[in-house]
Amino acid sequence: MLKRSIYLTDEIKAFQEQTVAFVENEVKPNAEKWELEGMVPREVLRQMGNIGFFGLQYPEEYGGVDAGAVATAAFAEALGTSTFSGFAITVLVHTDMASPHLFNQGTDSQKERFARKIIAGELITGVAITEPDAGSDVAGLRTTAVSDGEGWRLNGSKMFITNGVHGDLFMVAARTNPELSGSHGISMFMVEAGTPGFTVGRKLDKMGWRCSDTAELIFQDCWVPDENLLGQKDKGFYAVMDNFQNERLVIGAMAVGEAQTALDLTYAHTQQRTAFGAPLFEKQAIRQRLAMLQARVDAARQLVYHTAWLIDQGEKPVREVSEIKALCGELVNDVMYDCLQFHGGMGFIQETTIERMYRDARVQAIGGGATEVMLEEVAKRSYLP
Ligand SMILES: Cc1cc2nc3c(=O)[nH]c(=O)nc-3n(C[C@H](O)[C@H](O)[C@H](O)COP(=O)(O)OP(=O)(O)OC[C@H]3O[C@@H](n4cnc5c(N)ncnc54)[C@H](O)[C@@H]3O)c2cc1C
């Protein structure tokens, strides 16, 4: 059930309801099959592009609607109600984690090449930053890109890349300056699937998010032309950090949608299931645990929308975004733990929705910035001089 927020205009609410209707009609009846297949079918993504789901924050000249961060958070929350977070993350990596690199750092001619296809869902994007030896510590990445005057030769490997098997265009971080280390000397490149020297190493089998495809990507003397360099050479680390803000906001909003949906399922289950002569919901130990979780989800939701609103006012609320990622990543797991508990043995059986939601939630305290790393960002910005 979607709840109110003063930040949601009538237009955004209508859009959010349209997203929920899409999820109810097109996703929920079919996604069990997608979970088994390990991917969201391309036709579904094309359909979403046609409807206009993929250009929320993007300029009208490329087919977007320029609606801003609150609308984006509302979209992510609505996708979170699907109960299939693998579906939600497939979409959100495309719309809010990978393609922003093009829209925020790309030149007009780069946008001219790809933007319309991205918004139409004809071209699905991924973002390749993490490596086998560099995850939380982005500055530790080792993939290199060496210039030959006309283009760049990439060598290295990337790990855990969402949309890695079936995506078409990847925003790839690589080191471009051997004289610089750490956060300096990193640049972003666009690499299209099928480019010689670019291959999928292996498809990764996961505990949850099973309909989202995740892969290891290999770059072996993979050559891309100069026009595929995104943004300023050697300044890619800052672009990555900037784009992380949107990524973390939508992961938080998605988690709020998931948590509320799990609570709704559990209210229904505990009201219908009886034990010791009364519905489970009559036990104070159960209803009060759910009530506290509800209070925490309501509070998290308002933080998400307030922060999105700050972004729409032109601010860069890094502390609030980091709070959201830490808070929502943990909260969604707390909610799933208790909701599964109150489903009893059935919660442990694979045919129940809560079993999948429990597995899907786990990675949300890790991916896109682990809780501990986010708390460091909050702590650094909470200290009063
Ligand atoms: C399903 C999935 C999809 C993903 N999709 C993508 C993608 O599309 N593109 C992409 O680039 N990456 C992607 N990732 C990578 C993801 O962002 C990283 O897994 C995450 O940043 C953590 O990095 P790591 O796994 O290397 O863990 P590590 O960096 O090795 O950290 C391990 C753990 O140590 C703790 N830790 C780390 N640093 C600190 C610290 N400073 N203080 C205290 N504790 C700390 C945290 O608990 C952390 O979970 C994905 C990951 C998964 C699992």
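Since this is a predicted model, take the numbers as computed values, not measurements. Start at 1 and go down the list; that is how both ligands and their atoms are numbered.
Each of the following atoms of ligand 1 lies closer than 4.0 Å to a heavy atom of V127: 7 (C), 8 (O), 9 (N), 10 (C), 11 (O). Per-residue contacts place A370 under 4.0 angstrom from the following atoms of ligand 1 (heavy atoms of the residue considered): 46 (C), 48 (C), 49 (O). Atoms of ligand 1 found under 4.0 Å from any heavy atom of I161 (numbered from 1 in listed order, with element): 7 (C), 8 (O), 9 (N), 10 (C), 11 (O). Close contacts of ligand 1 with G368, meaning ligand atoms under 4.0 Å from a residue heavy atom, involve 17 (O). The contact set between ligand 1 and V373, taken as ligand atoms under 4.0 Å from a residue heavy atom, comprises 37 (C), 38 (N), 39 (C). Those atoms of ligand 1 that come under 4.0 Å of a heavy atom in K206, given as number and element, are 1 (C).
No donor-acceptor contact under 3.5 angstrom links the side chains of T176 and K233, judged on distance only.
Note: H94 and F54 have perpendicular aromatic rings, judged against thresholds of 30 and 60 degrees for the angle between ring planes. Y267 and F281 have perpendicular rings, their planes meeting at more than 60° on a 0 to 90° scale where under 30° would count as parallel.
By the 3.5 Å distance cut-off applied to N or O atoms, G367 is not counted among the residues near ligand 1. Backbone and side-chain nitrogen or oxygen atoms of E376 are examined, and none is located within less than 3.5 angstrom of a nitrogen or oxygen of ligand 1. In terms of polar-atom proximity, defined here as any N/O pair under 3.5 Å, I129 does make such a contact with ligand 1. Residue M159 has no N or O atom closer than 3.5 Å to an N or O atom of ligand 1.
Nearest protein neighbour of atom 24 (P) of ligand 1, counting heavy atoms only, is G135 CA, 3.9 Å. The closest protein non-hydrogen atom to atom 19 (O) of ligand 1 is F160 CD1, 3.9 Å. Nearest protein neighbour of atom 18 (C) of ligand 1, counting heavy atoms only, is T130 OG1, 4.2 Å. For atom 53 (C) of ligand 1, the nearest protein heavy atom (residue, atom name, distance) is V363 CG2, 3.5 Å. Atom 2 (C) of ligand 1 has its closest protein heavy atom at W209 CZ3, 4.2 Å. Counting only heavy atoms of the protein, atom 31 (O) of ligand 1 lies nearest to S136 OG, 3.5 Å.
Tested against L79 for a side chain to side chain contact (heavy atoms under 4.5 Å, CB included), the candidates T95, V27, L92 yield a single pass: L92. Under the side chain to side chain contact (heavy atoms under 4.5 Å, CB included) rule, Y62 has a single partner from I119, L102, I118, which is I119. With respect to F219, the ring-ring contact (aromatic ring centres under 6.0 Å, His included) criterion is satisfied by exactly one of F170, W152, F198: F198.
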Decide salt bridge (Lys or Arg N to Asp or Glu O under 4.0 Å) for E37 and K33; before the verdict, give the C-alpha distance in whole Å, the side-chain angles of both, and the deciding distance to 0.1 Å. CA-CA 6 Å; E37 292 167 352; K33 186 165 166 274; 3.1 Å; yes
Between K203 and D213, is the salt bridge (Lys or Arg N to Asp or Glu O under 4.0 Å) condition met? List the steps.
CA-CA 7 Å; K203 181 180 188 311; D213 80 270; over 6 Å; no
What's the verdict on salt bridge (Lys or Arg N to Asp or Glu O under 4.0 Å) for E77 and R301, showing C-alpha distance, side-chain angles and the deciding distance? CA-CA 9 Å; E77 184 191 8; R301 186 168 188 271; 2.7 Å; yes
*Kindly determine whether R42 and D168 satisfy salt bridge (Lys or Arg N to Asp or Glu O under 4.0 Å), including the steps that lead there.*
CA-CA 11 Å; R42 186 51 74 93; D168 307 296; 3.0 Å; yes
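Protein non-hydrogen atoms do not reach within 4.0 Å of atom 33 (C) of ligand 1.
Closest heavy-atom approach to atom 8 (O) of ligand 1 among the candidates T162, I366, L204: T162. Of all the listed residues (Q364, E131, E372, E377), E372 holds the heavy atom that lies closest to atom 46 (C) of ligand 1.
A cation-pi arrangement is not found for R289 relative to F342, the charged atom failing to lie both closer than 6.0 Å to the ring centre and inside a 45° cone about the ring normal.
Taking the charged nitrogens against the carboxylate oxygens, D334 and R296 do have a contact shorter than 4.0 Å, which makes a salt bridge.
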